[in-house]
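For reference, the structure discussed in these notes is given below.
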Protein chains: 2
Amino acid sequence: MLAGWEDIRAEVLRRIRAHDWRPGDTIPTEEALALEFGVARATVNRALRELAEEGVLERRRKAGTRVALHPVRRATLDIPLTRLEIEGRGQAYSYRLLSEEMASPPPAVAARLGLPQGAQMLHLVCLHLADDRPAVLEDRWLNPETLKVQPDFHLVSANEWLLANVPYTTGDISLSAANATADEARLLDLPPGSALFIIDRTTWDRDHPVTCVRLAHVPGFRMRTTV
Amino acid sequence: MLAGWEDIRAEVLRRIRAHDWRPGDTIPTEEALALEFGVARATVNRALRELAEEGVLERRRKAGTRVALHPVRRATLDIPLTRLEIEGRGQAYSYRLLSEEMASPPPAVAARLGLPQGAQMLHLVCLHLADDRPAVLEDRWLNPETLKVQPDFHLVSANEWLLANVPYTTGDISLSAANATADEARLLDLPPGSALFIIDRTTWDRDHPVTCVRLAHVPGFRMRTTV
DNA sequence: CAGTGGTCTAGACCACGCC
DNA sequence: GCGTGGTCTAGACCACTGC
């Protein structure tokens, strides 16, 4: 047999896909499966826990383990640096700072970061290019309190500077689609109204708001994943 | 102390965020941390393994555990049924089958599924509505071999039928943005060229191709997640 | 209350991959 | 080779929750 937890996981998945165990069914307890497969309960636990994290199983103490009825499939997205993403496609990366000024952010941005309406923030607009063609337009608001020293954003993108200096932040991400405004179309060298893939991200360092950024990707951009 | 693996995980994250351990640094071994925290090595292992899965740490046998240098942040997306997603927003869900016919799929679809060029597949076009307004246009190609019995797709959406009858498939997902074609705009009751959020999904049941679907979401649709 | 999963322990062996 | 993480075991106690 020589069963490791990955074998157990595979066998459980096989039984589900083969309709031995159907959505809504309660499957045997960890103890029963451990006995059947001839392994320790911890090994079965590991396998079932992974399947539960993927949304395939639902587990509750005392109630037991069931095959999920409405399998909310969970996919993991990798969110790389723009530079690495472009280089990963085999294209040459370059970067251009378009503007940099202190200003009052739009109310929506201030609200998302939990800052007062009138607060001054550093507003950066920059362009990421792939093989010298515009690929991503970045519109970023930075909380100046997180900038002990102010780097030269002509030389290093805010993205990379933050990663090196305020690493491992938390935050939320939202994905959507939007038609390019006249300005965006001009800067990205696209027809007005082109469909852009938008990544909005708000970032916190523990309880301190750090930045709020909108990345507008030119048509052709895709995010891929596997389930 | 009373440290569980979640406490260990939190403490390690705290040290990273506090710059005690910086990106690229090798952190102490599992054994050393187990000693420091007064827990078994398995407990430390669990904590560090979770952080590695999130992309915060990089682990290699013999080399040890390092704080990731280029933190590819990993976000998990929930991909629910269209119906549940709409109902989850508190809107009334309805569904309309627009067309259903056997036809030859576009070469790109056949290729993605690994089917011969001339193969006949079932082509479905349907509309998902939220509060009686178009929300998602679904364009689906189904491998007829997976349909032992052919359900009435006027009554049950292909999405739900597949979930109940060919559950727990594997596949890949791609997210992108596209301008609505004239047809799409008409069916979704939008101005032509509106930016649509596109989810393309190809699905397999073990080695058998099942379906290839394109879900076009009206503007305003967002996918959210947290890191 | 009693059954189930969630976690911890102490020890062990193994696989990988730097040196 | 040998240090490190990856996993397994057998046993234990606990937390939750359905009955």
Side-chain angles (χ1 to χ4, degrees), chain A residues 1-13 15-16 20-72 74 76, chain B residues 1-13 15-16 20-72 74 76:
Chain A
M1 207 75 178
L2 291 171
W5 70 267
E6 291 185 282
D7 301 307
I8 309 285
R9 178 188 178 283
E11 173 60 14
V12 170
L13 249 189
R15 291 186 187 179
I16 291 172
D20 290 352
W21 295 331
R22 310 169 136 272
D25 284 359
T26 298
I27 73 172
T29 65
E30 294 188 347
E31 205 174 353
L33 290 173
L35 202 67
E36 178 190 345
F37 293 123
V39 299
R41 184 164 77 90
T43 306
V44 174
N45 179 278
R46 173 80 187 269
L48 299 187
R49 180 159 43 78
E50 302 263 339
L51 287 169
E53 278 167 12
E54 294 162 31
V56 173
L57 297 176
E58 289 172 359
R59 318 195 72 196
R60 282 196 331 273
R61 286 160 152 117
K62 169 72 178 177
T65 300
R66 301 164 149 250
V67 181
L69 208 44
H70 293 297
V72 175
R74 230 153 265 152
T76 47
Chain B
M1 207 76 181
L2 290 171
W5 71 267
E6 291 184 281
D7 302 305
I8 310 284
R9 177 188 178 284
E11 172 60 14
V12 170
L13 248 190
R15 292 187 186 180
I16 291 172
D20 290 351
W21 296 331
R22 310 171 136 271
D25 284 359
T26 299
I27 74 171
T29 64
E30 294 188 348
E31 205 173 356
L33 290 173
L35 203 66
E36 177 190 345
F37 293 123
V39 300
R41 185 164 78 92
T43 307
V44 174
N45 179 277
R46 173 80 187 269
L48 299 188
R49 180 158 44 77
E50 302 263 338
L51 286 170
E53 277 167 13
E54 293 162 30
V56 173
L57 297 177
E58 289 172 359
R59 319 194 72 197
R60 280 192 336 268
R61 287 160 152 120
K62 170 72 180 176
T65 300
R66 301 162 148 248
V67 181
L69 209 45
H70 292 297
V72 175
R74 231 152 266 152
T76 51

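First the proteins, then the strands, lettered A, B, ... as listed; each starts at 1.
- In terms of heavy atoms, A/Pro23 sits closest to A/Ala68 at CB-O, 3.7 Å.
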(request) Summarise how protein sits on nucleotides 6-15 of chain D as a single string, 5' to 3': B when a protein heavy atom is under 4.0 Å from the base, S for sugar-phosphate-only contact, - for no contact. (result) BBSB--B--B
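- In terms of phosphate contacts, A/Thr65 brings no side-chain nitrogen or oxygen within less than 4.0 Å of OP1 or OP2 of C/dT4.
- Within the model, atoms CG of B/Leu51 and OG1 of B/Thr65 stand 10.0 Å from one another, a figure rounded to the nearest 0.5 Å.
- Between atom CD1 of residue B/Ile8 and atom CG of residue B/Leu13 there is a gap of 12.5 Å, rounded to the nearest 0.5 Å.
- Scored by the side chain to side chain contact (heavy atoms under 4.5 Å, CB included) test, B/Glu50 finds A/Arg49, A/Glu53, B/Trp5, B/Arg46, B/Glu54 as partners (sequence neighbours excluded).
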Donor-acceptor contacts under 3.5 Å from residues 24-33 of chain B side chains, at least two apart:
from, atom 1, to, atom 2, distance (Å)
B/Asp25, OD2, B/Arg22, N, 2.8
B/Thr29, OG1, B/Ala32, N, 3.2
B/Glu30, OE1, B/Arg41, NH1, 2.6
B/Glu30, OE2, B/Asn45, ND2, 2.8
B/Glu30, OE2, B/Arg59, NH1, 3.1
B/Glu30, OE2, B/Arg59, NH2, 2.8

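- C/dT4 atom C1' lies 13 Å from atom CG of A/Leu33, rounded to whole Å.
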